[in-house]
Protein chains: 2
Amino acid sequence: MAGARRPGTGISDLTAKRVSVYLRCLEDLQADGVTTVSSQALAEKFGLNSAQIRKDLACFGEFGTRGVGYNVSRLKEHLVRELGIDRGRNVVIVGAGNLGMALADYQGFNEHGFHIVALADIDDEKIGRSSRSGIPVLAFDAMPQAVRANSVEIGIVAVPSPAAQQTYDAFADAGLNAILNFAPTQLRTRPGVKVKSVDLRINLESLSFYLKNVEDGA
Amino acid sequence: MAGARRPGTGISDLTAKRVSVYLRCLEDLQADGVTTVSSQALAEKFGLNSAQIRKDLACFGEFGTRGVGYNVSRLKEHLVRELGIDRGRNVVIVGAGNLGMALADYQGFNEHGFHIVALADIDDEKIGRSSRSGIPVLAFDAMPQAVRANSVEIGIVAVPSPAAQQTYDAFADAGLNAILNFAPTQLRTRPGVKVKSVDLRINLESLSFYLKNVEDGA
DNA sequence: GCATGTGAATGGATTCACAGCT
DNA sequence: AGCTGTGAATCCATTCACATGC
């Protein structure tokens, strides 16, 4: 057990999110032919403290060279592996409404290792059709089967709020451990089944709150 | 100046986000005819500490009754005012692709005080058409005019990454102070022009990282 | 000299625990 | 008794500052 380096363990959500952002930046730098970058340079791009960046990166092992900086491609390769996005992950979306359809056709996913295998819905009207880019809409009940058949690892909840919990439970029952939730609801989660929520309403309300404070302060 | 209570000042983003969630819960409780709720009861719903909820709510003034709890409707009314969502806010979306269109038709906005006035795009193919629910697609250059004419306060960036900065700048020039950004880019922001970013890729990568740790831990 | 990696210091946010009101 | 509101204590994240190595 001793000496078994296990980097990537005990890393906070905040750090993981930032690393994701650094990764994107490294891709841009690599595309521009830059080979080396310092924590200082990255810090300026993101308005962060350079120590923070060094700490974040150090979580994954020592990849910098003192007096020089970080090798862009080496660091990138390493982070990709550490984030587990060196291989593709299959995704299924439940809810074939406007949002689900838009997500299915969103190119940003496919370009970066996430492959949308299918949509699913309970609406007979939608079942059997497919998205503009050709992703099929299955019956809700056929989802678990599709998950098994395609080794799906991530489920996206794109249904209206009242159906969100049920969708989460169905994903969990189907064996998924990672869920991205777009419904504005607090889900009752199970241990081991991670949820990330994207809540448009919260974001808009935060902006509204900001505007209100600006108004009142004026 | 003394005694001029100004609640809602100096409240952290984290608190504001949570309050937004409480608010949604209060709406549900009210719909169910519940008149009073305790911090303890709310805490259980969200898996939070009850002291945190009391602290969060106390930021906005003292609204509980000791020995009893909080009056649901009174608290709700108050939070709605404090978040600045007691009146509608007009919104414009730049980018009439899949995502922009889906957002324009998303009912969750209209139901909660956010009114999408128009979409805008540079693509001649799209200009002049409208979303399924009838929201018109204007020329990108007509956006500032639409902002003024409709007293728009919030701008949504739904364009591909390379165009995001330019869209942000155009919003800022048009006088908007609050922007919701869906492009996976780090925007160079101006003072006073608040951005909230919704980054799908970061969320998926976080999930991927979680899955990787589960795999490695097993 | 220059930039990393990291212990120590700081700053915020969360939790504890209790005084005070109903 | 029950529950809020809040100072004190704790925990976690960020920043500082420097020893270490290229």
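In the text below, chain A, chain B and the rest are named by the order of the sequence lines, each starting its count at 1.
- Counting non-hydrogen atoms under 4.0 angstrom, B/G64 reaches the backbone sugars and phosphates but no base.
- Between A/I11 and B/F209 the shortest side-chain heavy-atom distance falls below 4.5 Å.
- Scored by the salt bridge (charged side-chain N to carboxylate O under 4.0 Å, His left out) test, B/K55 finds no partners at all (sequence neighbours excluded).
- Partners of B/T35 according to the side-chain hydrogen bond (donor to acceptor under 3.5 Å, both in side chains) rule, which considers only residues two or more places apart in sequence or in another chain, do not exist here.
- B/S39 comes within contact range of the sugar-phosphate backbone alone, with a heavy-atom separation under 4.0 Å but no base atom that close.
- D/dT4 atom C1' lies 13 Å from atom CZ of B/R74, rounded to whole Å.
- Among residues two or more places apart in sequence or in another chain, the salt bridge (charged side-chain N to carboxylate O under 4.0 Å, His left out) test is passed with A/E44 by none.
- Residues forming a side-chain hydrogen bond (donor to acceptor under 3.5 Å, both in side chains) with A/Y210 (at least two apart in sequence, or on another chain): none.
- A salt bridge is defined here as a Lys NZ or Arg NE, NH1 or NH2 lying under 4.0 Å from an Asp or Glu carboxylate O, and B/E153 with B/R87 meets this definition.
- When DNA chain C is scanned 5' to 3' for any atom under 4.0 Å from a heavy atom of chain A, the first and last hits are C/dC2 to C/dA8.
- Between B/Y70 and A/G67, the residue anchored closer to the 5' end of DNA chain D is B/Y70, taking for each the nucleotide with the nearest heavy atom.
- Here the P atom of nucleotide D/dT20 and the CD atom of A/E62 are 14 Å apart, to the nearest Å.
- A straight line from CZ of A/R66 to P of D/dG21 spans 6 Å, rounded to a whole angstrom.
- Looking at B/K45 and B/D28, no side-chain N of the basic residue comes within less than 4.0 Å of a carboxylate O on the acidic one, giving no salt bridge.
- Within residues 28-38 of chain A, the residues approached by DNA chain C to less than 4.0 Å at the level of any non-hydrogen atom are A/S38, in residue-number order.
- Listed by first then second residue, pairs satisfying salt bridge (Lys or Arg N to Asp or Glu O under 4.0 Å) with a partner in residues 177-189 of chain B number zero, not counting sequence neighbours.
- Looking at residues two or more places apart in sequence or on another chain, you find no side-chain hydrogen bond (donor to acceptor under 3.5 Å, both in side chains) involving B/Q107.
- The list of salt bridge (Lys or Arg N to Asp or Glu O under 4.0 Å) pairs with a residue in residues 155-176 of chain A, not counting sequence neighbours, reads A/D169-A/R190, A/D173-A/R190.
- For the helix from C/dG1-D/dC22 to C/dT22-D/dA1, the rotation axes defined at the first and last 5 base pairs enclose an angle of 0°, given to the nearest 10°.
- As a whole-Å value, the separation of A/L14 CG from D/dA13 C1' is 8 Å.
- Within residues 41-57 of chain B, the residues approaching DNA chain C are B/N49, B/A51, B/Q52, B/R54, B/K55, by heavy-atom distance under 4.0 Å.
- In terms of the side-chain hydrogen bond (donor to acceptor under 3.5 Å, both in side chains) criterion, A/N150 has no residue partners (sequence neighbours excluded).
- Ring pair B/H78/B/F63: centre-to-centre distance below 6.0 Å.
- Heavy-atom distances to DNA chain D give each of A/V68 and B/V68 a nearest nucleotide, and the one nearer the 5′ end belongs to B/V68.
- Put simply, the side chain of A/L14 reaches to within 4.5 Å of the side chain of A/R18, judged on heavy atoms.
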